[in-house]
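Step one of this worksheet: look at the structure below.
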Amino acid sequence: MPKRILVVEDNDLNRKLFCDVLKANGFEVVPVAEGQNVIPAARKAMPDGVVLDIQLPDISGLDVIAAFRADSALRHIPILAVTAYAGKGDEEKIRAAGAKDYLAKPVSIMPFMAAVRGIMAGTPVAAH
Ligand code: MN
């Protein structure tokens with residue numbers, strides 16, 4: 001069974017790129033554009049991993065990470081955070097919030113796929 005990735009990104013081109021790359025690598029994708037839809041979509045899809053843009057217009061990605069960690073059904077799902085603003089201290093904040101890994105934009109395909117596979121390595125596959 002292909003692994004399922006929730007792709008949270010408000011930018012249409014980036015979201016399509018992430019989804020296309022993941023699909024080309026054999027993953028199933030569930031795209032989400034709005035922060036308010038993330039937790040309901042995650043509860044429905046029960047993804048094996050999440051790619052999460054930290055800069056969303058309606059909610060901070062840090063709050064989205066916290067919402068995953070506070071939800072007993074979702075807290076085990078590994079999150080790969082992606083951010084355009086890699087300021088000093090950002091990585092620590094993102095990891096402290098509970099993201100398993102972190103990539104700075106612009107994201108290249110090979111490091112992206114390596115990071116996606118990396119967050120799921122050694123973690124149990126979610127029951128679909
Ligand atoms: Mn964004």
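One is the number of the first residue; the rest follow in order along the sequence. First listed ligand is number 1; within each ligand, the first listed atom is number 1.
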Mind checking whether Tyr102 and Ile54 have side chains closer than 4.5 Å, heavy atoms only? no
Any N/O/S atom from Glu9 (main chain or side chain) under 2.8 Å of the Mn ion (ligand 1)? no
With a cut-off of 2.8 Å, does Asn11 put an N/O/S atom close enough to the Mn ion (ligand 1)? no
Salt bridge or not between Glu9 and Arg15? Use side-chain N to carboxylate O under 4.0 Å. no
Rounded distance (nearest 0.5 Å) linking atom CD1 of Ile119 with atom CG of Asp48: 9.5 Å
Can you give me the O-the Mn ion (ligand 1)-OD1 angle for Gln55 and Asp10, to 10°? 90°
Residue Asp53 atom name (nearest to the Mn ion (ligand 1); N/O/S): OD2
Once rounded to the nearest 0.5 Å, what's the spacing between atom OG1 of Thr83 and atom CG of Leu52? 9.5 Å
